[in-house]
Amino acid sequence: MILVKGVLSNGLVVGDMSEANFKEQSMYSEKYAKVIVKNNSIYTDNLFTYKIPEFLLEDVQVGHRVLVPFGRGNKPIEAYVFFITNKVEDNMDFKELFDTLDEHPIFKEEDINLIHWIKNRYLCTYMDCISLLHPKGYKVDSFKEISLSQDMENLDADSLYMKIDSLSKSRQFIINKIIENKNKIKLERLIKEKAIEENINPKDLRLSSTLNNLLLKMKEENLIDIHWNYKSQKNEKKICYISLSMDHDLIDEYVSYNKIRLGDKQRDIIEFLRYNEEIEINDLIKLLKASKSSITSLQNKNLVVFNIKDYYRSPKGCYDENKKEIILNEEQKKAVDKVTSEMFDENKKPYMIHGVTGSGKTEVYMEIIDYALKQGLDSIFLVPEISLTPQTISRLKNRFGDIVGVFHSRLSEGEKHDVFKAIKNGKIRILIGARSALFAPFNSLGVIIIDEFHESAYKSEKNPKFSAIEVGKYMALKRNITLVLGSATPSVEEYYRAKNNEYNLIAIKERANKRPLPKIELVDMKNELTLGNKGMFSYDLQNEIKEALDKNNQVILFLNRRGYGNFVSCRKCGYVFSCKNCDISLTYHKHQNIGRCHYCGYEEIIPKTCPECGSDYVKPFGIGTEKVEEEIKRIFENAKVLRMDKDTTSKKGELDNILNKFKNKEANVLIGTQMLSKGLDFKDVTLVGILSADMMLNFPDFKSFETTFQLITQVSGRAGRSDKEGKVVLQTYDTDHYVIRRALNYDFEGFYEDEIKVRKIFNYAPFNNMISVVVSGKSEKLVVNNIKSMYNSLTYLLKERGIEDFDFILGPSPCAISKINQNYRYQLLFKDDNIEINLLKGIIKYICITKKEIVFDKDVNISIDVNPNNIL
DNA sequence: AGCACGCCGACT
DNA sequence: GTCGGCGTGCTC
């Protein structure tokens with residue numbers, strides 16, 4: 001932790017700005033900085049203008065982090081310079097900014113442009129965008145400090161004591177505390193001391209209010225000064241290395257000449273350092289069982305020196321991948337050639353690689369990255385969920401070594417900071433990460449690869465609710481970066497754009513192992529019922545599992561629901577156990593005999609008898625992965641089962657553990673949810689069972705057909721990836737659905753043609769943009785009133801612009817999940833049918849952001865999502 | 001949001 | 001006339 005003292009470079013004490021800030025206009029040419037202040041209120045989320053003081057004219061640049069006085073009290077807070085100008089509105093007074101906070105700007109011009117673009121595209125605040133590009137490792141801590149006034153300090157000791165004696169008790173207390181603390185005390189500290197004195201809770205707001213009033217009086221009485229001070233922190237990990245301060249031959253002489261006495265431990269340390277040039281201090285302590293004190297005393301005797309270096313922790317993956325020599329096939333080579341040959345073209349389009357599962361897309365990406373690297377260009381490799389792709393990470397690390405960095409939102413702020421720093425220093429040249437890795441501060445970014453780009457994880461769920469695909473496209477366009485999207489099952493929207501020449505479409509039709517895709521066998525579950533099979537496994541699937549296990553092969557079973565049963569109810573009265581905080585039925589987890597809400601995490605023990613009617617017909621309904629596991633263990637004696645879902649992989653390392661076990665064949669059946677679909681590659685998997693395609697198909701969302709097709713295709717692709725032929729059993733009640741029909745033959749083109757027609761008819765993406773505004777709050781009445789008033793303001797403004805037809809607005813209506821975490825949720829949905837998207841966005845922005853406090857109550861939350869993933 | 005200021009009732 | 005609690009409005 002580095003602390004920068006609150007003394008400004010012009011020698012001014014922060015807070016003491018009475019004269020300095022409002023100087024008469026002088027000779028130097030004036031410049032002003034427009035800044036965004038770091039404040040999480042949307043009311044302050046606009047550009048503020050500050051005059052750049054003369055002594056900083058040369059230094060302040062666009063993108064600098066600066067310290068500015070803000071508000072009536074001129075509290076110093078962090079701000080970011082967005083642009084610099086010499087033209088400002090007349091008749092306005094501007095404060096001067098205090099100082100810069102870093103030597104160099106943290107944002108480049110292009111970053112500022114990106115922030116503007118994201119803000120406008122997704123209707124979020126500047127600060128939302130800034131926190132994406134700038135890890136929170138830096139912060140400015142502002143605090144008030146109390147000291148004696150100049151008058152008081154000028155008094156000699158006797159007069160001072162007399163003066164203090166004449167004051168009231170509470171004043172004396174404060175003056176004494178200031179003197180005790182070397183004439184400087186933090187307000188916070190003073191409050192604490194006062195609380196101890198009066199034996200009350202320091203968090204009591206009345207105390208601080210009273211104290212503040214008293215302090216203000218004392219300031220008026222010219223007893224004390226109150227001013228702001230600050231500390232600037234950088235969350236950088238540093239490592240301390242220790243070495244001898246002189247050549248090891250000279251040590252003994254130095255010790256005896258200066259008559260230095262050394263303890264045994266200290267001697268050990270010196271002996272050790274004689275033969276080891278430099279060692280990390282903590283290692284030394286461990287190795288020699290030494291204590292910190294012996295080291296500091298050596299330092300005090302000037303025998304050793306510390307060398308503090310930046311620390312960069314490179315996270316190690318636990319999943320081990322064997323190195324293997326890869327030779328690209330014709331199709332792969334073609335893809336690589338196409339992309340690399342155009343890398344320096346000015347007007348290149350983004351690339352979309354549509355390659356079947358197992359077509360070796362990762363190898364293609366690596367070749368592209370390798371080429372870029374040789375041209376001096378850095379690469380970003382996005383994956384949907386970093387924790388699910390240990391295989392990809394280890395492949396990249398194996399090939400490129402230490403220059404590969406990993407970045408995702410689960411890193412600590414410190415770790416994020418380290419990674420960003422290593423990127424700036426050029427230590428990391430290739431970054432693999434989740435969508436947030438897109439904003440890494442590379443010096444010469446040349447390639448962005450987005451793998452499995454159809455995944456919904458590329459759309460952020462929290463502000464800014466950006467889509468990594470869209471941002472990637474924007475960056476590629478603005479900075480001439482090579483953008484490569486890859487998937488076996490492209491999203492319908494992007495594929496439509498590819499068909500319309502927005503992308504270079506590259507198809508890889510053959511699997512890398514030259515084997516055909518595994519055959520998908522369709523099982524009609526309606527028939528199973530007539531045959532008397534009420535279980536979750538059809539006879540066909542049971543036979544296939546048995547055969548695979550007997551042949552010592554592995555099986556993957558896919559079911560898109562975790563837990564044991566999807567709800568618990570009483571057969572007699574129909575009572576359904578549901579979450580106390582949300583409008584959701586509880587999922588049954590048999591292992592702990594609890595019902596759990598998958599939205600807020602609420603849990604309750606499921607009783608044997610119904611709490612409504614008292615009958616004992618309480619039973620879980622539907623199936624989840626937990627029940628599948630139980631059934632498999634019951635039916636197949638030789639099954640060694642692993643389960644992979646959110647319940648079994650929530651802890652760090654558990655996923656690696658499961659994958660490693662399955663890879664080492666400690667288990668032969670892997671049951672899981674959609675996690676399974678993401679790039680797993682096991683050579684002995686010959687059978688994939690999809691237990692219920694209907695569960696996904698019937699999901700109430702316009703993308704559910706697309707998602708179902710993608711999941712079937714992706715999960716099927718896990719089979720037969722090596723020399724052994726694979727097979728897939730697909731169970732469904734809806735055998736005639738076009739999604740199922742197309743998926744059977746891996747007919748993506750056919751599916752796309754079917755689906756795009758539906759999209760066209762109902763005006764869904766890609767033919768339309770959709771904006772969802774959700775108003776939520778603890779009081780349902782308040783939420784309803786608020787969303788109604790929003791609707792009224794909206795229609796009023798639209799009518800003013802001559803729009804009378806409001807068919808493009810859906811709602812206001814309760815959300816599909818009408819309550820989450822005690823918050824009632826109502827929604828307005830907009831499609832840009834008969835209205836220009838920018839006009840619509842402008843009006844929504846005006847109502848929900850600019851005039852928020854007029855339209856909405858402060859007790860409700862407003863969430864705006866442009867082209868949301870789902871509209872629950 | 002977070003801060004300063006000003007108003008108003010309670011208490012000396 | 002002070003003290004202290006709370007509501008209000010602004011932030012370059």
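What you are looking at is a predicted structure, and each value in this text was computed from that prediction instead of being measured. Naming convention: chains lettered A, B, ... in sequence-line order (proteins, then strands); numbering from 1 in each chain.
Here A/Thr49 pairs with A/Tyr32, A/Lys34, A/Val88, A/Phe94 under the side-chain contact (heavy atoms from CB on, under 4.5 Å) rule; sequence neighbours left out. Checked against side-chain contact (heavy atoms from CB on, under 4.5 Å), A/Asn792 has no partners two or more places apart in sequence or in another chain. By the side-chain hydrogen bond (donor to acceptor under 3.5 Å, both in side chains) test, A/Glu180 pairs with A/Lys177, sequence neighbours left out. With sequence neighbours excluded, the residues that form a side-chain hydrogen bond (donor to acceptor under 3.5 Å, both in side chains) with A/Asp151 are A/Asn222. Listed by chain and number, the residues in a side-chain contact (heavy atoms from CB on, under 4.5 Å) with A/Ser818 are A/Asp583, A/Pro814 (sequence neighbours excluded). A/Lys108 pairs by the side-chain contact (heavy atoms from CB on, under 4.5 Å) definition with A/Glu110, A/Asp111, not counting sequence neighbours. Looking at residues two or more places apart in sequence or on another chain, you find a ring-ring contact (aromatic ring centres under 6.0 Å, His included) between A/Phe70 and A/Phe48.
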Run the side-chain donor-acceptor check on residues 864-872 of chain A: report pairs under 3.5 Å with partners two or more places apart or on a different chain.
| unit_1 | atom_1 | unit_2 | atom_2 | d |
| --- | --- | --- | --- | --- |
| A/Asp865 | OD1 | A/Lys459 | NZ | 2.6 |
| A/Asn867 | OD1 | A/Met770 | N | 2.8 |
| A/Asn867 | ND2 | A/Asn769 | OD1 | 2.8 |
| A/Asn869 | ND2 | A/Ser456 | O | 2.8 |

Side-chain donor-acceptor distances from residues 837-852 of chain A under 3.5 Å, at least two apart:
| unit_1 | atom_1 | unit_2 | atom_2 | d |
| --- | --- | --- | --- | --- |
| A/Lys841 | NZ | A/Asn120 | O | 3.3 |
| A/Lys841 | NZ | A/Arg121 | O | 3.2 |

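Residue-level contact check: A/Lys858 touches neither bases nor backbone, having no heavy atom under 4.0 Å from any strand.
Per the geometry, NZ belonging to A/Lys217 stands 9 Å off P belonging to C/dT2, to the nearest Å. The distance from atom CG of A/Leu216 to atom C1' of C/dC3 is 13 Å, rounded to the nearest whole Å. Here C/dC3 presents its C1' atom at 15 Å from CE of A/Met218, a figure rounded to the nearest Å.
For A/Lys580, the NZ atom counts as densely surrounded, since its 6.0 Å shell holds more than 12 non-hydrogen atoms of other residues, nucleotides or ligands.
Protein chain A touches strand DNA chain B; the 5'-most and 3'-most nucleotides with an atom under 4.0 angstrom of its non-hydrogen atoms are B/dA1 to B/dC5.
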Per-nt protein contacts along nucleotides 6-12 of chain C (heavy atom under 4.0 Å; B base, S backbone sugar-phosphate only, - none) come out as ---B-BB
For DNA chain B, please output the secondary structure as dot-bracket, reading 5' to 3'. Pairs are Watson-Crick or G-U wobble, both atom distances under 3.5 Å; mark crossing pairs with [ ], other-strand partners with |, unpaired with a dot. |||||||||||.
